[in-house]
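Following: one structure in structure tokens, then a few remarks.
Just the heavy atoms: all of them, side chains too, but no hydrogens, waters or symmetry mates, feed the values below.
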Amino acid sequence: MNPHDRKQQNLAAIYQALLELMMQKPLTDISITELCQRAQVSRTYFYRHYQNFDQIIRTYQTQNMLRYLRRLPRTSQVELARLMTHYFENTKSEAETYQLLIKNDKLDILLETFQTVFQLLIKQDRIEKHTSQLTTPYYLEFFSGAVINVTVNWVKHGFVESPEYLGQMVAQFTLGQ
């Protein structure tokens, strides 16, 4: 196995172990030793690659969002409603993870990973029919905060609305469509 594949395998193992432990108790009660034993990685591995549990979550969530980007339609630009529908579909498919992160007050990580990916979409000019407001100072923070707030409430209420409905709603609020 090449080093990149091993690194991905270890990240998946330590992230999965962290989620399993978070199902049993609050994140603040989980020890590094306990996590390493569950993930079958050494403490040396942990300290070489991560400073804390948030970094594990952030790294995995960022990679998860990048996988989301790769699943987008292969056109040069995609409508915001479609982008957001994909985002909400991804969220729903990761329901248990989002519930655990919300329960453990990790909204900052969800916000940061969303901002990173959305900023990449803007930079790559992948958003069809977007207005210049997307590149206005502080708009990324405003938009990301709104989407994450909608996401958190949607998760807490049990995914009542469809991802398509939420995708359309976000586009309507954002672009006035």
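- Separation of atoms CD1 (Ile57) and CG (Leu19) is listed at 7.5 Å; rounding is to 0.5 Å.
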Q) Would Gln77 and Ile127 count as a side chain to side chain contact (heavy atoms under 4.5 Å, CB included) if you check the C-alpha gap in whole Å, the side-chain angles of each, and the deciding distance to 0.1 Å? A) CA-CA 5 Å; Gln77 291 191 323; Ile127 304 169; over 6 Å; no
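- How far CD1 of Ile148 is from CZ of Phe143: 9.5 Å, rounded to the nearest 0.5 Å.
- Looking at Gln119, its side chain never comes within 3.5 Å of a backbone N or O of Leu140 through a donor-acceptor pair.
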Q. For Phe114 and Tyr87, what are the C-alpha separation, side-chain angles and deciding distance, and is it a ring-ring contact (aromatic ring centres under 6.0 Å, His included)?
A. CA-CA 9 Å; Phe114 182 89; Tyr87 169 75; 5.1 Å; yes
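- The nearest pair of heavy atoms linking Val155 to Gln99 is CG1-CG, 3.5 Å.
- A distance-only check finds no donor-acceptor pair linking the side chain of Asn104 to the backbone of Lys106 [under 3.5 Å].
- A cation-pi arrangement is absent between Arg43 and Tyr50, since the terminal nitrogen or guanidinium carbon is not both under 6.0 Å from the aromatic centre and inside a 45° cone about the axis.
- Side chain of Ser144 to main chain of Glu141: no donor-acceptor pair is present (N/O by atom type, distance under 3.5 Å, no hydrogens or angles).
- Using the six-membered ring where Trp is involved, Tyr139 and Phe142 have ring planes that are tilted, between 30° and 60° apart.
- Residue Gln40 qualifies as open at atom CD: its count of foreign heavy atoms under 6.0 Å is 12 or below.
- To the nearest 0.5 Å, the span separating OG1 on Thr151 from CG on Leu166 amounts to 7.5 Å.
- Taking 4.5 Å as the limit, some side-chain heavy atom of Met65 sits within range of a side-chain heavy atom of Asn90.
- A donor-acceptor contact shorter than 3.5 Å is absent between the side chain of Thr62 and the backbone of Thr59.
- Under a 4.0 Å N-O distance rule, the pair Glu34/Lys25 qualifies as a salt bridge.
- For the residue pair Tyr45 and Leu11, the shortest heavy atom distance occurs at OH-N, 3.8 Å.
- The main-chain N or O of Gln51 is found under 3.5 Å from a side-chain atom of Gln55 such that the two form a donor-acceptor pair.
- Closest approach of Ser42 and Cys36 over heavy atoms only: O-SG, 3.7 Å.
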Q: Take His4 and Lys7, measure what side chain to side chain contact (heavy atoms under 4.5 Å, CB included) needs, and give me the verdict at the end.
A: CA-CA 5 Å; His4 176 73; Lys7 185 175 182 181; 5.5 Å; no
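- Atoms CG and CG, on Leu107 and Asn149 in that order, are 8.5 Å from each other to the nearest 0.5 Å.
- When the shell of 6.0 Å around CD of Glu96 is examined, it contains 12 or fewer heavy atoms from other residues, nucleotides or ligands.
- Considering every non-hydrogen atom in both Ser162 and Trp154, the closest pair reads C-CZ2, 4.5 Å.
- Note that the OG1 atom of Thr116 and the CG atom of Leu121 stand 11.0 Å from one another [nearest 0.5 Å].
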(Q) Set out, in order, the CA-CA distance, both residues' side-chain angles and the distance that settles side chain to side chain contact (heavy atoms under 4.5 Å, CB included) for Gln168 and Met84, then state yes or no. (A) CA-CA 8 Å; Gln168 290 293 327; Met84 295 312 306; over 6 Å; no
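- Rounded to the nearest 0.5 angstrom, Leu18 CG and Ile56 CD1 are separated by 5.5 Å.
- Here the closest heavy-atom approach between residue Tyr47 and residue Ile32 is recorded as OH-CD1, 3.1 Å.
- The two residues Ala39 and Ala13 have their closest heavy-atom pair at CB-O, 3.7 Å.
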Q: Please assess Phe88 against Val170 for the test side chain to side chain contact (heavy atoms under 4.5 Å, CB included), listing each intermediate value before the final yes or no.
A: CA-CA 11 Å; Phe88 288 113; Val170 168; 4.0 Å; yes
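- The only member of Lys103, Lys92, Gln61 that meets side chain to side chain contact (heavy atoms under 4.5 Å, CB included) when paired with Tyr98 is Gln61.
- More than 12 heavy atoms of other shown residues, nucleotides or ligands fall within 6.0 angstrom of atom CD in Gln24.
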